[in-house]
Amino acid sequence: MKLPIIRQFYQTQTTENLEKTLEVLEAFSEFRGASEEDLNVVGELITNICGALEVHAEVAKGTAERDALNGFAQKVLGSIDK
């Protein structure tokens with residue numbers, strides 16, 4: 001997870017574009033021929049795209065962009081600590 005990437009995705013992409021990209025990456029991750037390195041990169045991209053989608057949703061509810069970004073980061077870090 002990289003907040004600058006999530007911020008850029010949020011600022012430059014629509015939710016529709018992010019959702020379509022997410023579908024493609026999820027399909028790719030099911031491909032048997034994908035290497036471990038490929039899957040690691042795809043996993044990182046999926047996390048960043050999901051973060052951008054969550055930021056879009058939170059901002060639509062009235063949350064400030066910065067708070068939405070930080071909230072997502074805390075949620076991810078909190079799930080890692082468990």
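Here the structure is a predicted model, which is why all the values come from computation and not from measurement. Computation of the quantities below employed the complete heavy-atom set of this structure, encompassing side-chain atoms and omitting hydrogens, waters and symmetry-equivalent molecules.
Follow the hydrophobic side-chain contacts under 4.5 Å out from Leu25 and you never reach Val76; the two are in separate clusters. Both Phe28 and Leu18 sit in one connected hydrophobic cluster of ILVMFWY residues. Membership requires side-chain heavy atoms under 4.5 Å apart, directly or through other members. Hydrophobic cluster membership differs between Ile46 and Leu69, with clusters built from Ile, Leu, Val, Met, Phe, Trp and Tyr side chains linked at under 4.5 angstrom. Ile5 and Val41 fall within the same hydrophobic cluster, where Ile, Leu, Val, Met, Phe, Trp and Tyr residues are linked whenever their side-chain heavy atoms come under 4.5 Å apart, directly or through other members.
Across every non-hydrogen atom of Ala52 and Ile6, the tightest pair is N-CG2, 3.5 Å. Between Ala68 and Thr63, the shortest heavy-atom contact is N-CG2, 3.7 Å.
Taking CZ from Phe9 and CG from Leu45, the interatomic distance works out to 6.0 Å, rounded to the nearest 0.5 Å. With rounding to the nearest 0.5 Å, the separation of CG in Leu53 from CD in Glu16 is 9.5 Å.
For Glu23 and Lys20, the salt-bridge test fails: no basic side-chain N is under 4.0 Å from an acidic carboxylate O.
At most 12 non-hydrogen atoms from other residues, nucleotides or ligands lie less than 6.0 angstrom from CD of Glu37. For CD of Glu26, the number of neighbouring non-hydrogen atoms (other residues, nucleotides, ligands) closer than 6.0 Å is greater than 12.
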| field | Worked verdict on His56 versus Gln13 for side-chain contact (heavy atoms from CB on, under 4.5 Å) | value | CA-CA 10 Å; His56 271 290; Gln13 299 300 314; 5.5 Å; no

| message | For Leu3 and Arg7: C-alpha separation, side-chain torsions, deciding distance, then whether side-chain contact (heavy atoms from CB on, under 4.5 Å) applies. | response | CA-CA 6 Å; Leu3 283 179; Arg7 178 181 289 122; 5.6 Å; no

| query | Are Phe72 and Glu58 close enough, and set up right, to give a side-chain contact (heavy atoms from CB on, under 4.5 Å), and what steps lead you there? | reply | CA-CA 10 Å; Phe72 178 76; Glu58 290 299 313; over 6 Å; no

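Counting heavy atoms from C-beta on, the side chains of Tyr10 and Val59 come closer than 4.5 Å.
Among residues at least two apart or in separate chains, there is no side chain to side chain donor-acceptor pair (under 3.5 Å) pair with a member in residues 39-52.
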